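Taking it in order: structure first as structure tokens, then the write-up.
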Amino acid sequence: MKIWLIALVIVSLAGCSDYNDKTTTMQGGKELYENYCAGCHRSRGTGQFLIGVPRIKDTELSLSEIADVIRRQHKDERQMPIFSQLTVPQSYSIASYIKNTLRYK
């Protein structure tokens with residue numbers, strides 16, 4: 001009986017890895033970024049200087065600031081569309097993708 005209980009605990013804890021959550025978030029963030037952001041900011045986050053779209057791959061904004069800009073109007077940027085239909089977790093997935101993946105491309 002003890003062996004079954006120990007095996008159950010080990011199997012349960014194996015699913016608690018941060019790696020799985022981070023990978024899922026990054027994959028979801030990339031897809032969301034491509035759907036909502038890449039049209040203007042480009043797939044590598046380099047922006048389009050000549051038409052005023054900023055480079056975002058090396059932004060100094062925090063994750064929460066990026067997520068807020070995505071869902072609400074940026075105080076300095078009136079031309080960026082608001083994506084209020086995105087959930088908070090979706091906007092954080094995009095922000096995480098920008099900060100943790102685009103920065104290194």
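Small disclaimer: the values here were computed from a predicted structure and weren't measured.
Taken from OH in Tyr92 to OG1 in Thr87, the straight-line distance is 11.5 Å, to the nearest 0.5 Å. Taking CD1 from Ile70 and CG from Leu86, the interatomic distance works out to 7.5 Å, rounded to the nearest 0.5 Å. Separating the NZ atom in Lys30 from the OG atom in Ser93 is a distance of 14.5 Å, to the nearest 0.5 Å. How far CG of Leu102 is from CZ of Arg42: 13.5 Å, rounded to the nearest 0.5 Å.
Residues satisfying the side-chain contact (heavy atoms from CB on, under 4.5 Å) criterion with Ser84, sequence neighbours excluded, are Ile82. Listed by chain and residue number, Asp68 satisfy the salt bridge (charged side-chain N to carboxylate O under 4.0 Å, His left out) test with Arg72 (two or more places apart in sequence, or in another chain).
Pairs passing the salt bridge (Lys or Arg N to Asp or Glu O under 4.0 Å) check and including a residue from residues 94-104, sequence neighbours excluded, do not occur. For residues 28-57, every residue pair satisfying the ring pair (Phe, Tyr, Trp, His ring centres under 6.0 Å) rule, not counting sequence neighbours, is listed here: Tyr33-Tyr97, Tyr36-Phe83.
Side-chain atoms of Thr101 never come within 3.5 Å of backbone atoms of Ile98 as a donor-acceptor pair (strictly under, hydrogens ignored).
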For a quick test of your reading: what N or O donor-acceptor pairs under 3.5 Å do the side chains of residues 53-64 make, sequence neighbours left out?
unit_1 : atom_1 : unit_2 : atom_2 : d
Arg55  : NE     : Asp58  : OD1    : 3.0
Arg55  : NE     : Asp58  : OD2    : 3.4
Lys57  : NZ     : Lys105 : O      : 2.1
Thr59  : OG1    : Leu61  : N      : 3.1
Ser62  : OG     : Ser64  : OG     : 3.2
Ser62  : OG     : Glu65  : N      : 3.2
Ser62  : OG     : Glu65  : OE1    : 3.3

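Residues Glu31 and Asn35 meet the side-chain proximity criterion, which asks for heavy atoms closer than 4.5 Å.
Considering every non-hydrogen atom in both Ala67 and Ser91, the closest pair reads CB-OG, 3.5 Å.
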